> 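Pasting in a structure now, in structure tokens, and then I'll have a few things to ask.
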Amino acid sequence: MSGRQNVRVSNVTQSEEAAESGDSPHEEPAEVPIWAGGITGAVALACGLAFAELVTSIFEWDSPLVEVGNRVVDLVPKSMRDWAISTFGTSDKVVLLGGVSIALLLVAVLAGTWMVRGNKVAASVLIGAVLVVGSLAPLGRGGSGPNSMVAILLGGAVAIGVMWILADKAAPLASRKPQNEQVATASTPASADPEPMIGASRRRFLVYSGVGAGAAAVGAGLSSWIRSQAAVASERLGVDLPQALQSRGDVPAGVSVGVDGVPRFITPNEDFYRIDTALVTPRVSTEDWTMRVHGLVDNEIVLNYEQLLDRPMVEADITIACVSNEIGGDLIGTARWLGTRLDDLLEEAGIAPSADQIVGRSVDGFTAGFPTDILDGRDALVAVGMNGVPLPVEHGYPARLIVPGVYGYVSATKWLSEIEVTTFADFEGYWIPRGWDAEAPVVTMSRIDTPKSGDTVAAGETLGVGGVAWAMNRGIDKVEVSIDGGPWEDAELGEHHENTTWRQWGYRFEPDAGDHEIKARATDTDGYTQTDEQVRPGPNAATGHHTIRLTAG
Ligand SMILES: Nc1nc2c(c(=O)[nH]1)N[C@H]1C(S)=C(S)[C@@H](COP(=O)(O)O)O[C@H]1N2
Ligand SMILES: [Mo]
């Protein structure tokens, strides 16, 4: 250490060095190289822009860059605007945003260079001026106005912060490499040479710059992804669904059993249960969407969204349910689905005789398969509509499978991208290796929706007990109720609608004062009555009678 200091002091004073290297002796003795200033400015700008874009994309505000670009368009003379449109055509937006970005980059490089060379005041004034002008640009022209202003100022703050950090890391780069050979020959250890120290500083500066640039890239990528998600939601609002060949007409009023507290026969979309393996709901634009029917088929079929909508459409009221529903649980819902018939589509494809499984594959990698012989004429659909609107994004927009009579995990693939005809021996759907049965017909079940377990009701007054029962694709024949372990009594049933839907039931009685236990059980049209054996879900659906306890007082 002392050796090196001796060398520096005795041999390499800074003025000597400057003179030897031919620089003007009147200049600042050591300056941070210009490239470091450029990088500082560019990285700071990228971080600031990415931050502003990210914030605005999260809050669904307009992009500040686009807002500023729009203001530029407002300000330039019409003749220039016309010239730009005629010259650049549909790329005029890209050229405009590119122009704004390049202008910002030049300013940032200049500010960065001043900053690293110690002209912090000049750099701050320059950045401040650009921020004031930029943040005023979105005001008063519709768009996100004040929100964009806030975003630009926040982005500016981030840019300034990054610039300070990088300027700080750039400062050591000002140390000069000694010019005279004496240093190298001064028999000092290599580590005493300032050159490696500059190398280390340079590396540190570049690492910080790289981290900043990486963060900016991640932020920019994230914000553009968020915007594309929002774009799918708004695209969906513009979808015009075709009419079904035959309209079903309204669900008859008689399906309702008229007991308060029993859920609506058709479940509103916003109340419909949801089961997704994906952490983030896939957003699939119809622009990029196709569905391929392949595997053990004679003819592969590939459909885009338009071609799918051009196919004959049918409407069907179908209840779907989740196998992991607990007794009394609410993982079940009924909707009026609009879609094209799966059996017709597969007939066009031509299923090979060796096939025994139809697998739906989702864009998110989820798969679900059911036996080919399920397609016995029932209304299995490639669905595009749910209760009169395009499938909600969470329920599989733009297309999903709906197959009455089997649980969702083996059939109801959302964000459908492929239908593969295969065999059970060759392929297992997503949940099968995870311990669930490969075949999963819906188990006959009933649920008491009202009253709720633990309720207190009026003694001696008529109490409406009610709920739903389901045995999809067979249909419900009977629901019975047992009070306090007494005999099974027939409940009243809502009008039969379709075998593919649940059925409402109700039972009225006058409870005596005291505690009561109410059980329900359903019988399907095959004559099967729900077993009392209590089994939790897995590897197939739960069984047992839903039982509630209440107090009359
Ligand atoms: N892509 C995909 N499709 C899927 C699932 C899933 O996790 N991912 N879950 C399935 C299960 S287990 C059920 S019960 C139904 C639920 O459909 P819903 O969320 O529209 O109610 O979707 C099925 N389709
Ligand atoms: Mo499920």
Side-chain angles (χ1 to χ4, degrees), residues 229 232 236 263-264 266-284 289-292 316-327 329-339 342 358-370 374 380-420 427-443 445 447 468 470 472-473 500-502 536-542:
Q229 306 273 297
V232 167
R236 174 183 167 271
R264 288 159 69 174
I266 296 288
T267 313
N269 288 352
E270 49 291 359
D271 297 343
F272 213 96
Y273 81 100
R274 264 180 69 188
I275 304 286
D276 306 327
T277 56
L279 286 180
V280 181
T281 321
R283 310 265 162 148
V284 185
W289 182 86
T290 58
M291 182 185 74
R292 188 161 76 98
D317 298 336
I318 297 169
T319 301
I320 64 168
C322 186
V323 70
S324 54
N325 202 24
E326 300 282 353
I327 300 292
D330 57 5
L331 302 180
I332 179 165
T334 303
R336 173 159 294 185
W337 307 95
L338 176 79
L342 182 60
I358 295 159
V359 170
R361 185 170 282 118
S362 166
V363 299
D364 67 1
F366 175 89
T367 51
F370 50 89
I374 275 213
L381 302 179
V382 177
V384 292
M386 183 178 184
N387 293 331
V389 295
L391 284 178
V393 170
E394 319 77 73
H395 292 290
Y397 176 84
R400 75 177 301 177
L401 288 174
I402 291 292
V403 183
V406 283
Y407 287 107
Y409 81 101
V410 293
S411 65
T413 306
K414 303 190 274 189
W415 314 287
L416 182 67
S417 62
E418 287 177 41
I419 296 172
E420 182 175 355
F427 188 82
E428 291 186 319
Y430 181 88
W431 283 110
I432 314 314
R434 292 168 173 81
W436 294 83
D437 281 356
E439 293 199 29
V442 169
V443 172
M445 182 55 63
R447 179 179 81 191
V468 286
W470 61 91
M472 271 74 81
N473 221 53
T500 53
T501 61
W502 58 15
R536 300 265 330 263
N540 208 310

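Heavy atoms only: backbone and side chains are in, while hydrogens, waters and symmetry mates are out. Note that ligands are numbered from 1 as they come in the structure, with each ligand's atoms numbered from 1 the same way. In this text, all values refer to a predicted model and were calculated from it rather than measured experimentally.
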> Using the test salt bridge (charged side-chain N to carboxylate O under 4.0 Å, His left out), find all partners of D317 that sit at least two apart in sequence or belong to another chain.
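Testing D317 for salt bridge (charged side-chain N to carboxylate O under 4.0 Å, His left out), a comparison that skips the adjacent residues, returns R336.
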> Within a distance under 4.0 Å of any heavy atom of T277, pick out the atoms of ligand 1 and give their elements.
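Listed by number with element: 6 (C), 7 (O).
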> How far is atom 4 (C) of ligand 1 from the closest protein heavy atom, and which atom is that?
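Heavy-atom neighbour on the protein nearest atom 4 (C) of ligand 1: F366 CE2, 3.5 Å.
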> Test I320 against Y273 for side chain to side chain contact (heavy atoms under 4.5 Å, CB included), laying out the working first.
CA-CA 10 Å; I320 64 168; Y273 81 100; 3.7 Å; yes
> Nearest 0.5 Å please: distance from the CD1 atom of I358 over to the CZ atom of F370.
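Answer rounded to 0.5 Å: 4.5 Å.
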> Are S362 and R400 close enough that some pair of their side-chain heavy atoms sits under 4.5 Å apart?
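Contact flag for S362/R400 side chains = no.
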> Using the salt bridge (charged side-chain N to carboxylate O under 4.0 Å, His left out) criterion, which residues pair with D330? Sequence neighbours excluded.
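If we apply the salt bridge (charged side-chain N to carboxylate O under 4.0 Å, His left out) test to D330, skipping adjacent residues, there are no hits.
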> Is it the case that the side chains of T319 and W502 hold a donor-acceptor pair, with the cut-off being a distance below 3.5 Å and no angle test?
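There is no such pair between these side chains.
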> Need the ligand 1 atom indices (1-based, order shown) with element for anything under 4.0 Å from a heavy-atom of D276.
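That gives atoms 6 (C), 7 (O) of ligand 1.
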> Indicate yes or no: does K414 engage D364 in a salt bridge with an N to O separation below 4.0 Å.
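Not counted as a salt bridge, because no side-chain N and carboxylate O are separated by less than 4.0 Å.
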> If you take the nearest heavy atom of each of W431, W415, Y273, Y430, which one is closest to atom 14 (S) of ligand 1?
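The option holding the nearest heavy atom is Y273.
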> Please confirm whether G408 comes within less than 3.5 Å of ligand 1 when only nitrogen or oxygen atoms on both sides are compared.
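In fact, backbone or side chain, G408 has no N or O that close.
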> Output yes when the distance from some N or O of ligand 1 to some N or O of Y409 is under 3.5 Å, and no in every other case.
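No, no N or O pair falls under 3.5 Å.
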> With a 4.0 Å heavy-atom cut-off (strictly under), which part of S362 contacts ligand 1: side chain, backbone, both or neither?
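The answer is the side chain of S362.
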> What is the distance from atom NE2 of H395 to atom CZ of R274, rounded to the nearest 0.5 Å?
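These two atoms lie 6.5 Å from each other.
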> Which ligand 1 atoms, with their elements, are less than 4.0 angstrom from a heavy-atom of C322?
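Once the distances to C322 are compared, the set is 14 (S).
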> Backbone, side chain, both or neither: what part of F272 comes under 4.0 angstrom of ligand 1, heavy atoms only?
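For F272, only side-chain atoms sit under 4.0 Å from ligand 1.
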> Counting non-hydrogen protein atoms only, what is the nearest one to atom 5 (C) of ligand 1? Give residue, atom name and distance.
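Scanning the protein heavy atoms, the shortest distance from atom 5 (C) of ligand 1 goes to I275 O, 3.4 Å.
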> Please state which protein non-hydrogen atom is closest to atom 19 (O) of ligand 1 and give its distance, to 0.1 Å?
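Result: K414 NZ, 2.5 Å.
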> So, the side chain of R283 versus the backbone of V393: is there a donor-acceptor pair under 3.5 Å, distance only?
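Not at all, since once roles are kept as given, no pair shorter than 3.5 Å links the two residues.
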> Please write down residue, atom name and distance for the protein heavy atom closest to atom 15 (C) of ligand 1.
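Heavy-atom neighbour on the protein nearest atom 15 (C) of ligand 1: R400 NH2, 3.9 Å.
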> Among all the protein's non-hydrogen atoms, which is closest to atom 24 (N) of ligand 1, and how far away is it?
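Minimum-distance protein heavy atom for atom 24 (N) of ligand 1 reads A412 O, 2.9 Å.
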> Please work out, at 4.0 Å between heavy atoms, whether the side chain, the backbone, both, or neither of V323 comes within that distance of ligand 1.
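It is neither part, as no heavy atom is under 4.0 Å.
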